[in-house]
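Nothing here was measured: the structure is a model prediction, and the numbers come from that model. Just so we're on the same page: letters track the sequence lines, and every chain starts at 1.
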Amino acid sequence: MLNLKFIQDNPDLVIEKLKTKNFDAAGIVGEIIDLYSEKNKLQGQADQAKAEMNKISKEIGLLFREGKKEEANAAKERTSELKENIKQFDQQFSAIEEQVNELLVLLPNLPHDTVPQGKGEEDNEVVTSAGEIPALDENALPHWELAQKYNLIDFELGVKLTGAGFPVYRGKGSQLQRALINFFLDEARKAGYEEVQPPLVVNEASGFGTGQLPDKEGQMYHVAADNLYLIPTAEVPVTNIYRDVILDAKDLPYKNTAYSACFRREAGSYGKDVRGLNRLHQFDKVEIVQIAHPEKSYKVLDEMVKHVSSLVEKLELPYRVLRLCGGDISFTAALTFDFEVYSAAQKKWLEVSSVSNFESFQANRLKLRFREEGVKKTQLAHTLNGSALALPRIVAALLENNQTSKGIKIPKVLVPYTSFEIID
RNA sequence: GGAGAGAUGGCAGAGUGGUCGAAUGCGGCGGUCUUGAAAACCGUUGUACCGAGAGGUACCGGGGGUUCGAAUCCCUCUCUCUCCGCCA
């Protein structure tokens, strides 16, 4: 959510910047500004009326104490009109506030200056390309066939237990999952992230804080009986750790990492790249989150991109980093780098990480503030997060790229975690 | 699932209709004292909005009501805790 005052002070900037996101904000911004001045006018009137009311009430109290009943009763009569006015001001005031909030929630975050103009994925900018694309045999298998051949993942069994998109990992497939999770968590810890194990189910306030609600309500599984949501990413509970808090500037940045299962309904995405591990309803992911000082958040973003790069490099996967264009970047992000690894049998780039700076967009919803030493006024912090990494597509690429006639080779860094070097 | 208790400032914890944005203690910050530190003592210490400022307003879990006036009374919702039952 953009800051109300910021919009008020920079309406043209907001409209101009949102054009990059292909969002025409002129109407909404105009309405917000009108409502804002109306709101202030009303508040001035309401506050004045309330001040008078408070004054009279105090006087009445004193008069009663002194036993001047008649004067007190006379004073009472003066209040009825005031009371009515206050009631009306308050009603109008909260109606306007509600309207403003409804409009505010419609505005996406402003894109960073470096976000390229564009309509969709095809306009994303490749900023890095690294690693060698392996030359596989003609008869190389896609990962879903490899998974079956080596009994690593049972998709049909998942359908029996739950439904499509809920695979059962078994044997070395299951061990490989565990190895990756531990590897990712260890790497994050070495990079200074504190590990946390958050709940996998969150309440409405948390969903709102990071921006899943109300915008992407249909994306999450909703536990209706308790009005709770299964998390689509650990970003939600981990970032919400910092909801409604005021931090000391000297303690920034806060760095957390968490492994979690992630649940996504993926409504409406059937038929598109859904084979095998490409798109699931439940998957594992290690997430990194940072709460940063606004002046340092882009440095932090770079650091996070480097961290994720190091992970795919250690796994010896060919990858590229994309700077998302205005048409592809999310509603909440100011700047996002996507990581894609090449899955050599499918001959496809698969997104395995998305690293974003949300600036103060989430912080404003979260009421996540910090205070500079000696300064009374609080400021909104910046939030950032990234996948480091999402497992399924990493597994897909590992299986496909490392297949040999003797089996599937495990990258060196993972061997201490898997305790086997080859899947055969 | 059954029964009960509760929700107040960073924490603990008073406050049952007016002078309460809220006692007191702890913690934090500043100071006095000290070679330094501790102790002791003194002062200070919530957030947000409006206003050029003086200042004003709101907030004692959320919403509504009674009243000239509500942290305090009433209704309602949510959450937390304790005990019992069941269970990992």
Under a 3.5 Å threshold, yes or no: a donor from one side chain and an acceptor from the other, between [X] and [Y]?
| X | Y | result |
| --- | --- | --- |
| Y259(A) | D284(A) | yes |
| E400(A) | S343(A) | yes |
| T332(A) | N109(A) | no |

Using a cut-off of strictly less than 4.0 Å, decide whether [X] has a side-chain nitrogen or oxygen near OP1 or OP2 of [N].
| X | N | answer |
| --- | --- | --- |
| Y36(A) | C50(B) | yes |
| K5(A) | C50(B) | yes |
| K83(A) | G69(B) | yes |
| K50(A) | C49(B) | no |
| N54(A) | U57(B) | yes |

Checking base pairs now: Watson-Crick or wobble, both atom distances under 3.5 Å. What partners [N]?
| N | value |
| --- | --- |
| U32(B) | A40(B) |
| A70(B) | none |
| A5(B) | U80(B) |

| said: Less than 6.0 angstrom separating the ring centers of Y298(A) and H112(A), yes or no? | reply: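 Judged by ring-centre distance (under 6.0 Å), Y298(A) and H112(A) do meet the cut-off.
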